Amino acid sequence: MTEPENRPTNFLRTIIDADIAAGKHGGKVVTRFPPEPNGYLHIGHAKSICLNFGLARDYRGRCHLRFDDTNPVKEDVEYIDSIKEDIRWLGFNWGEHLYHAADYFGQLYDWAEKLIAAGKAYVCDLNADEIRHTRGTFTEPGRDSPFRGRSVEQNLDLFRRMRAGEFDDGAKTLRAKIDMASPNVNMRDPVMYRIRKTSHHRSGDAWCIYPSYDWAHGQSDAIEGITHSICTLEFEDHRPLYEWFLEQLALPHRPTQYEFARLGLNYTVMSKRMLIELVKDGHVRGWDDPRMLTIAGLRRRGVTPEAIRAFCDKVGVARANSTVDMGMLEACVRDVLDPKVRRVMVVHDPLRVVIENVAESAVEETLAPFFPDDPPRMGARNVPFSCIIYIEREDFMEEPPKKFFRLAPGREVRLRWSYVMKCVGVVKDEKTGAIVELRATIDPETRGANPKDGRKIGGAIHWVSAAHAVPVEVRLYDRLFTVPNPAGAKDGTDFKAYLNPASLVTLSGALGESSLKAAVAGERYQFERKGFYFVDPIDAKPGAPVFNRIVSLRDSWAKAAQDAQQPTSGGRRERRGSSNAPR
RNA sequence: UGGGGCGUCGCCAAAUGGUAAGGCCGUGGACUCUGGAUCCACCAUCUGGGGGUUCGAAUCCCUCCGCCCCAGCCA
């Protein structure tokens, strides 16, 4: 009952199962997602959100949303709202359990005095540089601060005066008195409070001293009754400190910290610093640029919350650093969208075709299902056909290679939902030799039927009637970087050097079937043989839709074509992830 | 370098001493008016290397190798 089916197990579930079996925390599970409101959430955060809220859901516990807002100089309310919106959009709900570390400042302060009184903390006059220099190195122990021996009375007095604003920023800190010789540098008298005469987005000017992460986090967990405090691997070294504070305070509730590996994805960057740089330097159009793996970017691109959740489930949770293939995300997106999205025809790069045996005035309409695999489910639309149509330029080849079964001189293809068409002529530009038009004839017997003589038609292509087509803007998005690990260049090359110049290709000449006149912002479609698309909620205007490609369809022809072009030269061909490249 | 972690298929990831799940990718085939979807089959004699314990080891022990994190008054 606690373990849902289909959800892969992981070490945390194993631990929780054991805790429940042992009656720990009275069998309760309380987790939390503790973002610092200093930036936008990205897919890495989504992993943590799915984990924490997912555990709470599956074990019938609860998950708190707690803003870890202990550093006023980096944080801002603007982020609070975006973070809440993103979590809700992802499909999770913290109910009434919304908290701020800032709301614990009073309690934290009292506890700090308690530690001082117990001789476990002291006010230190060393500045940041001096603290660094006396901390020692990995191989040498640190030296005690000259202020380490201050009396309890003195410390209390000084600490109260710190709080009262008597000292300048950086002039003094409160430090935990632990062990300057500890092999774990985090235990070498870590700072608990620093002076920051900055107003806080939540506590205003009530405080001029602010607790550090290490001092605030575990105690916040304890206050809220968190049972399993889940964070990423880099905090592992902080666990002894987390436990030390809890032990000194001897609080009735004792949370435990567990660490898991953060999500890494290839062909992108995830660090806040790099994301900011991309936005600030204009390499993308903002935090919600569809190429960004921010939650806002994914949403704008058209990726659904279900797909992100499915991805997080599939990726799993473990303690080994890993980099997940972008193809995995793409696969999840296709999986989720495929059964629920209408199919429609859009020609991305139109090539004009004049059909010689159709009268100029003739217009034929065909009712075509929006979802051919289950026609009743999504209804149908009219697809008009006339003597001039456009087909995809790449669906015609003058000299087709072996397995190309689309259009070529003298060859036939099926026009989807319409006739079998034969190419009878190629019109070229006299100067450039470029193909400007095709001449064709249709087999009038083949509308909605196979050729009577039993001849097999190899391919079916999408098309659009010239007289009825609606011009649409199509934005083809591709991975933002050209290399798997842009941030990890051995020679120190800046990650921006690997930006993919084709990460956004805007098609202005694309032509959609007439039903697309009715496209509404926020809708998703499959453009047959192309991919899944989303009507951009911001740039689309009524009657002038803008489509973001969410993800391309799997394309085994593109793969075959590429393999044919670059044959395996002496083995060792690079394995390709799924291709999302513009074609 | 001191400390803390981690190494299971190209990429994720289960298996907790009983004889290597699953997903992504890939390959072959069936089907197909989307080269999509779907279906079927194949895809680690082996768990970083080497020793050892055991009837039996990815799991325990020893040893070596590789990778990641830590010296913010960031989180």
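Chain letters run A, B, ... following the sequence lines, proteins first and then strands; every chain starts at 1. Just so it is clear, the model here is predicted, and its values are computed rather than measured.
- In this structure, A:His200 has its ring center under 6.0 Å from that of A:Phe105.
- Residue A:His238 is classed as a base contact, given a heavy-atom separation below 4.0 Å to a base.
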Filtered N/O pairs between nucleotides 3-5 of chain B and protein, under 3.5 Å:
{"from": "B:G3", "atom 1": "N2", "to": "A:Asp237", "atom 2": "OD1", "distance (Å)": "3.4"}
{"from": "B:G3", "atom 1": "N2", "to": "A:Asp237", "atom 2": "OD2", "distance (Å)": "2.8"}
{"from": "B:G4", "atom 1": "O2'", "to": "A:Asp237", "atom 2": "OD1", "distance (Å)": "3.3"}
{"from": "B:G5", "atom 1": "O5'", "to": "A:Glu236", "atom 2": "OE2", "distance (Å)": "3.4"}
{"from": "B:G5", "atom 1": "O3'", "to": "A:Arg319", "atom 2": "NH2", "distance (Å)": "3.2"}

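- The aromatic ring centres of A:Tyr419 and A:Phe385 sit less than 6.0 Å apart.
- Under the rule for a side chain to side chain contact (heavy atoms under 4.5 Å, CB included), A:Ala318 has no partner lying at least two apart in sequence or in another chain.
- B:A57 and B:A15 have their C1' atoms separated by 13 Å, with the value rounded to a whole Å.
- Checking B:C12, B:A75, B:G35 against the side-chain heavy atoms of A:Glu234 singles out B:A75 as nearest.
- The salt bridge (charged side-chain N to carboxylate O under 4.0 Å, His left out) search around A:Lys452 returns A:Glu445, not counting sequence neighbours.
- Residue A:Arg196 has a polar side-chain atom (N or O) positioned under 4.0 Å from OP1 or OP2 of B:C74.
- Applying the ring-ring contact (aromatic ring centres under 6.0 Å, His included) criterion to A:Tyr533, with sequence neighbours excluded, gives A:His348, A:Phe527.
- By the salt bridge (charged side-chain N to carboxylate O under 4.0 Å, His left out) test, A:Arg342 is found to be paired with A:Glu523, residues two or more places apart in sequence or in another chain being considered.
- Straight-line distance between the P atoms of B:G49 and B:C9: roughly 10 Å, to the nearest whole Å.
- The base of B:A71 does not come close enough to the side chain of A:His133 for any donor and acceptor atom to sit less than 3.5 Å apart.
- Residue contacts shown for A:Tyr210 are absent, as no nucleic acid heavy atom lies under 4.0 Å away.
- Put simply, the side chain of A:His462 does not reach to within 4.5 Å of the side chain of A:Val344, judged on heavy atoms.
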Under a cut-off of 3.5 Å for both distances of each Watson-Crick or G-U pair, what dot-bracket string does RNA chain B give, using [ ] for crossing pairs and | for inter-strand pairs? .((((((..(((.....[...))).(((((.......))))).....(((((..]....))))))))))).....
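- The phosphate of B:C33 (OP1 or OP2) has no side-chain N or O of A:Ser418 nearer than 4.0 angstrom.
- Checked against the 6.0 Å centroid criterion, the rings of A:Phe404 and A:Trp557 qualify as a close aromatic pair.
- When each of B:A75, B:A71, B:C12 is scored by its nearest atom to the side-chain atoms of A:Arg194, the top-ranked nucleotide is B:A75.
- Listed candidates were B:G36, B:A13, B:G35. Nearest to the side chain of A:Leu553 is B:G36.
- When each of B:C73, B:U34, B:C12 is scored by its nearest atom to the side-chain atoms of A:Val191, the top-ranked nucleotide is B:C73.
- Between A:Asp58 and A:Arg13, at least one side-chain nitrogen of the basic residue sits less than 4.0 Å from a carboxylate oxygen of the acidic one, meeting the salt-bridge criterion.
- Nearest nucleotide to the A:Asn71 side chain, out of B:G36, B:A75, B:G35: B:A75.
- With B:U16, B:A14, B:G35 as the candidates, the nucleotide lying closest to the side chain of A:Ser556 is B:G35.
- A donor-acceptor contact under 3.5 angstrom links the side chains of A:Thr366 and A:Arg447, judged on distance only.
- With B:C6, B:C25, B:G72 as the choices, the nucleotide that has an atom nearest any side-chain atom of A:Arg132 turns out to be B:G72.
- When the side-chain nitrogen and oxygen atoms of A:Thr70 are compared with OP1 and OP2 of B:A75, one or more of them lie within a distance under 4.0 Å.
- Stacking is found between A:Phe138 and the pyrimidine-like six-membered ring of the B:G2 base under the 5.5 Å centre-distance and 30° plane-angle cut-offs.
- The side chain of A:Lys559 lies closest to B:U27 when the candidates are B:C11, B:G35, B:U27.
- Listed nucleotides B:U34, B:G72, B:U1 differ in distance to A:Arg135; the shortest reach to its side chain belongs to B:G72.
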